[in-house]
Each structure stands twice: as structure tokens, then as C-alpha cells.
Amino acid sequence: MTKHSAVVNIVNKTGDSISEIKFLHRYDSDVYNQGDHQGPMKDGAEHHICDAVFWTGFLRVGVDYWWIQFKRNSKTYTCKANFYCSLMSKDGSNPVSIEIHKDKMKVIPHASSACSVSLYEPYLLMEQLENELLLTGIAIEPHAESAYMKCNCD
């Protein structure tokens with residue numbers, strides 16, 4: 001197995017300034033790379049946010065997960081937590097661009113295929129999750145000081 005590292009740069013393509021950027025790269029379930037930038041970051045600007053560590057080769061084939069949160073026009077945006085876009089050995093030592101658009105985040109590695117994910121305001125992401133759970137027969141109901149999940153299974 002071979003350990004690699006890729007420089008990760010955030011590129012703002014939203015048309016607006018963004019700020020309070022929080023970023024996380026996770027390889028498989030054991031390596032976490034994170035970065036933040038308070039900004040503001042103007043449209044078209046690029047910023048090094050962190051280096052992504054990943055492995056390739058025999059006995060070490062994992063998945064690269066990517067997550068971001070930021071503010072634009074006083075609203076917070078994020079993507080789903082399980083979004084993945086895998087890197088391969090040719091991506092090591094080369095920059096990975098994370099393009100932030102108004103409605104999506106694009107991960108653009110040097111050699112691997114680019115991937116994209118939708119961006120949401122967190123409350124909209126929660127509504128989408130609740131709707132998906134309702135379709136499966138699971139509902140989220142308030143309970144005392146917290147919420148719990150209840151299966152409406154017959």
C-alpha cells in the first residue's frame with residue numbers, strides 16, 4: 001500500500017462572497033483532514049484549505065468522502081455527509097480543486113473523474129431526509145428534550 005497526499009484548494013464560483021468555510025476530507029473511516037477559512041472569499045478566489053491523505057494499493061482500497069459548510073448572503077449551506085469521490089495514485093502530489101457553485105460542490109481531482117453533490121441549507125437537507133424516511137415507514141417524532149426515530153411498521 002502507498003500513502004499519498006493531495007493539496008486541496010477551494011474555488012468560489014458562487015457569484016457572491018462566501019465566508020465561515022469548514023471543510024472535511026475523510027479517507028475510509030480512519031483518516032480525517034480538515035480545514036477552515038473565515039473569509040470573506042470573493043467570487044473567483046481560490047484558497048488552500050488542507051491536504052488530503054489517502055492510500056492506494058494492495059490491502060488498502062478505501063473511499064474518499066468530502067464535506068463542506070459555508071455562509072453565503074448570511075445563509076449557511078452544506079452538502080450531505082456521505083458524499084464520496086475517490087482518488088487514485090495518479091492524484092497524489094497533485095492539487096484537487098473543490099469548486100463551490102450556487103447549487104453544487106464539484107470535486108475535481110488531477111487524474112480521477114470529477115464528482116458533484118448538491119448544496120442545501122441545513123434545514124432543507126433535514127426536510128429531505130424526513131421525507132425519504134417517511135417513504136420507508138420511519139418517522140422522526142419529538143420526544144421530551146430530543147428527537148428519536150420511530151418505525152411505523154405494520
Side-chain angles (χ1 to χ4, degrees), residues 1-138 140 149:
M1 83 182 113
T2 305
K3 182 179 178 180
H4 302 277
S5 181
V7 170
V8 180
N9 295 315
I10 301 290
V11 182
N12 180 7
K13 293 193 170 193
T14 63
D16 299 302
S17 287
I18 60 176
S19 62
E20 298 180 37
I21 303 162
K22 293 178 176 42
F23 177 81
L24 177 69
H25 165 264
R26 175 172 58 97
Y27 177 81
D28 211 16
S29 62
D30 59 349
V31 177
Y32 296 84
N33 311 115
Q34 59 187 10
D36 59 59
H37 180 62
Q38 289 304 304
M41 189 173 164
K42 294 181 180 182
D43 182 51
E46 185 170 335
H47 177 76
H48 173 253
I49 197 81
C50 75
D51 292 343
V53 174
F54 64 101
W55 280 264
T56 60
F58 184 67
L59 297 177
R60 194 65 170 137
V61 179
V63 177
D64 294 277
Y65 294 93
W66 309 86
W67 176 84
I68 197 158
Q69 177 178 297
F70 62 93
K71 284 198 173 181
R72 185 181 88 227
N73 297 327
S74 300
K75 293 181 181 178
T76 301
Y77 293 88
T78 191
C79 66
K80 63 183 183 176
N82 63 347
F83 167 66
Y84 64 92
C85 187
S86 295
L87 302 176
M88 54 189 201
S89 60
K90 291 180 182 178
D91 295 312
S93 301
N94 290 296
V96 175
S97 291
I98 306 294
E99 290 184 355
I100 305 303
H101 298 263
K102 283 193 178 201
D103 61 346
K104 67 183 170 188
M105 174 177 78
K106 288 176 70 175
V107 176
I108 306 171
H110 173 75
S112 300
S113 297
C115 310
S116 64
V117 64
S118 295
L119 294 171
Y120 302 92
E121 290 181 72
Y123 79 91
L124 294 175
L125 189 59
M126 188 63 186
E127 284 179 9
Q128 179 184 3
L129 176 62
E130 288 173 356
N131 290 335
E132 288 175 13
L133 290 173
L134 286 173
L135 292 174
T136 64
I138 298 173
I140 298 176
M149 296 177 72

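Everything numeric in this text was worked out from a predicted model, so none of it was measured.
- Looking at His48 and Val7, their side chains come closer than 4.5 Å, going by heavy atoms from C-beta outward.
- To the nearest 0.5 angstrom, Arg26 atom CZ is 11.5 Å from Asn33 atom CG.
- The side-chain heavy atoms of Phe70 and Leu119, taken from C-beta on, include a pair separated by under 4.5 Å.
- Contact between Met105 and Cys79 at its shortest, heavy atoms only, is CE-SG, 3.9 Å.
- Note that OH of Tyr65 is 7.5 Å distant from CG of Asn82, once rounded to the nearest 0.5 Å.
- Looking only at side-chain heavy atoms (C-beta outward), Phe54 and Asp64 come within less than 4.5 Å of each other.
- Side-chain contact between Lys71 and Ile18 is absent, with no heavy-atom pair separated by less than 4.5 Å.
- Taking the side chain as every heavy atom from C-beta outward, Trp66 and Val8 approach each other to under 4.5 Å.
- Note: Ile98 CD1 to Ser116 OG = 11.5 Å, rounded to the nearest 0.5 Å.
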Item to complete: Take Trp55 and Tyr27 through the ring pair (Phe, Tyr, Trp, His ring centres under 6.0 Å) test and state the conclusion after the steps.
Response: CA-CA 8 Å; Trp55 280 264; Tyr27 177 81; 5.7 Å; yes
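- Within 6.0 Å of OH in Tyr32 there are more than 12 heavy atoms belonging to other residues, nucleotides or ligands.
- The closest donor-acceptor contact from the side chain of Asn12 to the backbone of Gly44 lies at 3.5 Å or more, if one exists at all.
- Between the NZ atom in Lys80 and the OH atom in Tyr120 there is a gap of 7.5 Å [rounded to 0.5 Å].
- For residues 41-50, no pair satisfies salt bridge (charged side-chain N to carboxylate O under 4.0 Å, His left out), with sequence neighbours left out.
- Counting only heavy atoms from C-beta outward, the side chains of Ile49 and Ile21 approach each other to under 4.5 Å.
- In this structure, the side chains of His4 and Ser89 come closer than 4.5 Å at one or more pairs of heavy atoms.
- Between the side chain of Thr14 and the backbone N or O of Asp16, at least one donor-acceptor pair lies under 3.5 Å.
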Check residues 106-115 and write down every donor-acceptor pair under 3.5 Å in which the side-chain atom is one partner and the other belongs to a residue at least two apart or another chain.
residue	atom	partner	partner atom	Å
Ser112	OG	Met88	N	3.2
Ser112	OG	Asp91	OD2	2.3

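- Interatomic distance, CZ of Arg72 versus CD of Glu20, reported as 14.5 Å (0.5 Å rounding).
- For the pair Ser19 and Pro40, the tightest heavy-atom approach, listed with the atom from each and the gap, is CB-CA, 4.2 Å.
- Between the CD atom of Gln69 and the OH atom of Tyr77 there is a distance of 12.5 Å, given to the nearest 0.5 Å.
- Summarising the geometry of Met41 relative to His47, their closest heavy-atom pair is CE-N, 3.7 Å, with the distance given to 0.1 Å.
- With contacts defined as side-chain heavy-atom distances shorter than 4.5 Å, the pair Ile10/Ile100 qualifies.
- Closest approach of Cys85 to Phe83, counting heavy atoms only: CB-CZ, 4.3 Å.
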Practice prompt. Kindly determine whether Asp36 and Lys22 satisfy salt bridge (Lys or Arg N to Asp or Glu O under 4.0 Å), including the steps that lead there.
Written response: CA-CA 4 Å; Asp36 59 59; Lys22 293 178 176 42; over 6 Å; no
